[in-house]
Every structure is written in C-alpha cells, then in structure tokens.
Amino acid sequence: MLQPTFLRDNRQETIDRLAKRGFDATEAVDIIISIDDSRKATQTELDGVLAESNRIAKDIGALFKEGKQTEANAAKVQAGELKERSNLLQEQLLSIETRLQDRLYQLPNMPHSTVPFGRTAEDNQTVRSGGQMPTLAKDALPHWDLAKKFNIIDFELGVKVTGAGFPVYRGQGARLQRALINWFLDEARDAGYTEYIPPFMVNEASGYGTGQLPDKEGQMYYMPADEFYMVPTAEVPLTNFFRDVILKAEELPVKLTAYTPCFRREAGSYGKDVKGLNRLHQFDKVEVVQVAHPDKSYGILEEMVTHVSGLLDKLGLPYRILRLCGGDMGFTSALTYDLEVWSAGQGRWLEVSSVSNFETFQANRLKLRFREGNEKPQLAHTLNGSALALPRIMAALLENYQVADGIRVPEVLHSYTGFHTITGA
RNA sequence: GGAGAGAUGGCCGAGUGGUCGAAGGCGCACGCCUGGAAAGUGUGUAAACCCCACAAGGGUUUCGAGGGUUCGAAUCCCUCUCUCUCCGCCA
C-alpha cells in the first residue's frame, strides 16, 4: 500500500512510475489526495470538539467538588451537545478513512526506475543467462513420462486421494524431493539466513499484511470453520512475523528462510501449463525473505538473485534471468527478477524463482518499521525470493539429466539423496 | 470440549469512576561522581494522527480487540480473542 503523504508530495512521479504498468493513475491519485484532504479537515474539527468536551468534563468534576450543582448540571447539558457533534464527526471520519483505504488498496506498487515499459511477458528483459543447454537423445521424454517410467511420481494416485494438482512422490522421487529441500535450506543457511518452520495456515490479518487480501482470496484455500488460509508461499507467515514491529537499525538486514508446502487454487489455469509438474495446487518451496534498510535494499535484491542463480549453477541447469516489465510484475512489487530453467523435454522455459523488492509497500500495511538511534521510526523495505520452487526444478532435473537407463543426479545432491542415479528401483 | 483465573508502557508491576499516558522497580540513553570502571546520584525514556514549516509548541486517540453505560472509564456492563490452572480427549 502506498502512502497518501507520498502521493501528495510526489504526485507526478507517482503517476509516471505507475504508467509503466500500463495504466493511467491520474484520476485515482487525485481522488486519494482529495479524500485525504477531507480526512484531515474532519479530524481537525473532531479533535477540537473532543478537546472542548474534555475540558468541560474536567470542569464538571471540579464543580461537583465545590458543591456547585447548578453550574455542573448546566455544563452537563453543554457536554451532551458536544457529544452528539463528536459522534457525528466520528462516524464521518470512519467512513472517510474506509473510503481512503479502499482506494489505496487498489493502487499497485510503483515500479522502480529500471523496470522496462511493457504489457506482457514478451516485454521482459533478459539480463543474464547461465548453464549449458543439454543435448538429449532423439527419444528423450518429458518429465511426466519419465515419472511414470521410473515410478517416482504418481499423478493418478494424487487424484484419487485428493484431486488434480496434488501429486504423490514415491521412492527415489520422494527422496530426491527431500534432498532438494534440505540442500536448499543448507545453502540458505550458508548464505546467512536463519531457518524457520512457520505455520502452514495463516489468519486473515496476515493475508492483508502481505497483500494476498483483499484481492486474491480466490487464490488461497480457506478453512471457514477457523477462518484460516493455507499458505500460498512461506512469504506470508515469514513476512508477517514483522507485523507491528519496530526494529533497531543495527538489526538490519534480517534474513530468514523456510521450507513450506505451498497451496494455490490456481483457478482458471489449463492446458500445457498444468501438465505434469508445471503447475500444482500443492508444491514444495524454500523461500528467502529479507527486511532491509531502504538505502540497501537494491543491493540486497542483487545479492538474492545471485544466491538463487548460484543454486542453479550448482545444479547444472541452464537458466535465464529476466527483469519483469511493468505489466508482468506482481501488484505489490517494485522490481522483480524471474529465474527460468530450460525444460529440455518440453522445450520451454519454466519459472522456478521470483525475486522481488517490495520497498515499503508491504511494510506500510504491516507497520514494519525500524528506528535509527532516537529518530522517528521509518518504514523498512521487504524483499523475498524463491530459493527454490521444487516441482519445476524436479521437472528440469528429470528431463535434462535423462540417459538411456535412468536419470543422473547432480553431484551436489549425492550426499543428500544417497544415490547417484534414478533407476526406478 | 467443560470449569475457573487473568490480559496495563521494552520488561516486571501498582492502580476499582474525575487531578491517570498511567505509581514503583528493572532495562535503556545522557550527565554528575571516578585515574578508569562498578556502586551511588540526577535527568530523560511509547506509538499513530491533526494544527503548524515533517521546527518549537499545541490538540486527539491508544491500558488485549470491539461495542455499551456516564458530563467523565485502565477502573462498571456486554461480546470476542488470547494466555494460565484443573478436567476431558489426543499425535
């Protein structure tokens, strides 16, 4: 959520930056500023009435003590009138604040200056590529066929117990999955992140804190009996640790990591996008989150991208790094890098990580601040990234490392898997 | 799930209708003391919003959350949430 004071002081800049997302925010910004004007005017008036009421209430106390009943009762009448006025103003203020908040919730984050203009994924910039494209045999298979051939992932069984998009991992498939989770967490720890195991369900306030609510409730699984949402990413619980928190400047940056399963309803997806492991309702992911000083956050964003691409280097997967254009970026982000791996069996790129700087957009909703010395608290910057999302990594590993009689396992994982080749045994 | 007790500032803890944003202590910051430190001692120590120049100064709100009674609520009433103790159930 953007701040009205910022919009007021930087009206044109806000409009220009939001234009990168392909829409004209002029009207929305002006409406917000004018609602904010009436909010201030109403509060000023209300404060005056309340101040008067408080003064009279004190006088009444004093009058009673002095035994001046008549004067006291006269003052009571006056206080009653003020009360009526203040109630009215309070109602007005509340409705103005609600309107203001509704408007602010609808405004996406402002893209950073380096974000390219553009509407679709076509307009994303490739900033770097890494790894070697594999040369596969003529009869190379996509991962869903390999999964069946070696009996390591059972999609039908998942349909039986739950539904489509809930695969069952078996034998070496399950062990490879677990190995990847452990390796990712160890790599994150080596990079200075503290490991957490957060709740896999969150309350409504947490959904609002990171921006899934109010707009994207349809994407989350909801448990009405307890009013909980299944986490769509570890970002939600991890970042909400800091809701209503004031950190000391010297505590920054805070670096956290967690593995969680992620649950997404993915309403409206279809076709080749949901084939095999490409898009699931439940998947595993290791997430990294940082809370940063505003002056440092963009350096940290690069550091996070380097961490993630380093994982892909070590796995030997070919990848590319994209800087998302304004139109393709998430609602809450100021700058996002996507990392995609080459899925040799499908002949397409698969997104395996998204690393974003949210600047103060989430911090404003969360009231996540830090204090420098004795200065006033100011909003921190939040960042997060996948490091990494498992299913598409699994898909790429299966496809890119397939050989005649099995699937080779990258060397960095050997001590985690306990086997070097998937043979279906 | 049932019964009872509780929720106060960074922490502990007083406060049962007016002078309470809240005693006292701890912690923290700065000063004095000291060769330096400890001890001692003095001062200060929440957040948001509004007026104003984001200064000084002033105002409003906030004692788990929301509502109510009252001229006036940390204090009385109602609802909810959470914590603790006991019972039940249970990985």
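Each chain gets a letter, A, B and so on, in the order the sequences are listed, and its residues count up from 1.
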* Looking only at side chains, do A:Thr98 and A:Ser95 share a donor and an acceptor under 3.5 Å apart? -> no
* Asked: If you measure from the P atom in B:rG64 to the same atom in B:rU16, how many Å do you get, rounded?
  -> 15 Å
* **Pair A:Asp37 + A:Arg8, salt bridge at N-O below 4.0 Å** => yes
* **A:His281 vs A:Tyr221, side-chain hydrogen bond (donor to acceptor under 3.5 Å, both in side chains): CA-CA, chis, key distance, verdict** => CA-CA 9 Å; A:His281 290 308; A:Tyr221 287 98; 3.3 Å; yes
* Answer with base, sugar-phosphate or nothing: what part of the nucleic acid does A:Arg369 contact at a heavy-atom distance below 4.0 Å? => sugar-phosphate
* Contact class for A:Arg371 (heavy atom, under 4.0 Å): base, sugar-phosphate, or nothing? -> sugar-phosphate
* **Residue mapping more 5' on RNA chain B - nearest nucleotide basis, A:Asp47 or A:Ala75** => A:Asp47
* With a 3.5 angstrom cut-off on both distances, give the Watson-Crick or G-U wobble partner of B:rG1, or none if there isn't one. => B:rC87
* Between B:rU83 and B:rU8, how far is it from one C1' atom to the other, in whole Å? -> 15 Å
* Asked: Taking atom P in both B:rG68 and B:rG9, what distance in whole Å separates the two?
  -> 24 Å
* Nucleotide forming a Watson-Crick or wobble pair with B:rA23, both distances under 3.5 Å -> none
* Asked: Relative to the ring of A:Phe200, is the ring of A:Tyr259 parallel (under 30°), tilted (30 to 60°) or perpendicular (over 60°)?
  -> perpendicular
* Structure fact -> Test salt bridge (Lys or Arg N to Asp or Glu O under 4.0 Å), reference A:Glu45, set A:Arg39, A:Arg85, A:Lys40, output is A:Arg85
* Relative to each other, are the rings of A:Phe361 and A:Phe331 parallel, tilted or perpendicular (30° and 60° limits)? -> perpendicular
* Heavy atoms under 4.0 Å, any strand shown: does A:Ala51 hit a base, just sugar-phosphate, or nothing? -> sugar-phosphate
* Nucleic acid contacts - residues 29-40 of chain A versus RNA chain B, non-hydrogen atoms under 4.0 Å -> A:Arg39, A:Lys40
* Atom C1', compared across B:rA48 and B:rG6: separation rounded to whole Å -> 28 Å
* Could you give me the CA-CA distance, side-chain angles and deciding distance for A:Glu52 and A:Arg55, then say whether salt bridge (Lys or Arg N to Asp or Glu O under 4.0 Å) is met? => CA-CA 5 Å; A:Glu52 181 72 13; A:Arg55 208 172 314 124; 2.7 Å; yes
* Asked: Just checking, any donor-acceptor pair under 3.5 angstrom between side chains of A:Tyr229 and A:Asn203?
  -> no
* For B:rA37, which nucleotide is its Watson-Crick or G-U wobble mate, given both distances must be under 3.5 Å? -> none
* Structure fact -> Note: contacts of residues 76-86 of chain A with RNA chain B (heavy atom, under 4.0 Å) are A:Lys76, A:Ala79, A:Lys83
* **Main-chain N/O of A:Thr44 paired with A:Asp47 side-chain donor or acceptor, under 3.5 Å** => no
* On a whole-Å scale, what distance lies between the C1' atoms belonging to B:rG21 and B:rC32? -> 30 Å
* Structure fact -> Paired to B:rG9 by Watson-Crick or G-U wobble criteria (both distances under 3.5 Å) is none
* Taking the same atom, P, in B:rA46 and in B:rC54, what whole-Å distance lies between them? -> 22 Å
* To do: Remember a base hit wins even if backbone is also touched, and classify A:Asn73 as base, sugar-phosphate or nothing at under 4.0 Å, heavy atoms.
  => nothing
* With side chains defined as the heavy atoms from C-beta onward, is the minimum distance between A:Phe228 and A:Ser206 less than 4.5 Å? -> no
* May I ask which nucleotide in the shown strands pairs with B:rA65, Watson-Crick or G-U wobble, both distances under 3.5 Å? => B:rU79
* When the C1' atoms of B:rC26 and B:rG13 are considered, how many whole Å apart are they? -> 10 Å
* Boundaries of the RNA chain B segment in contact with chain A, non-hydrogen, under 4.0 Å -> B:rG18 to B:rG72
* Any strand is fair game: report the nucleotide pairing with B:rC54 by Watson-Crick or G-U wobble, both distances under 3.5 Å, or none. => none
* To do: Would you please test A:Glu266 and A:Arg279 for salt bridge (Lys or Arg N to Asp or Glu O under 4.0 Å) and show each step?
  => CA-CA 8 Å; A:Glu266 301 292 0; A:Arg279 188 176 296 276; 3.4 Å; yes
* Does any nucleotide pair with B:rC28 by Watson-Crick or G-U wobble geometry, both distances under 3.5 Å, and what is it? -> B:rG44
* What is the nucleic acid contact for A:Ile56, judged by heavy atoms within less than 4.0 Å: base, sugar-phosphate only, or nothing? -> nothing
* Span that lies between the C1' atom of B:rG15 and that of B:rA73, in whole angstrom -> 13 Å
* Stepwise, does the salt bridge (Lys or Arg N to Asp or Glu O under 4.0 Å) test hold for A:Lys248 with A:Glu372? -> CA-CA 6 Å; A:Lys248 294 190 187 111; A:Glu372 225 144 3; over 6 Å; no
* Give a yes or no on whether the ring-centroid distance for A:His381 and A:Phe358 is below 6.0 angstrom. => no
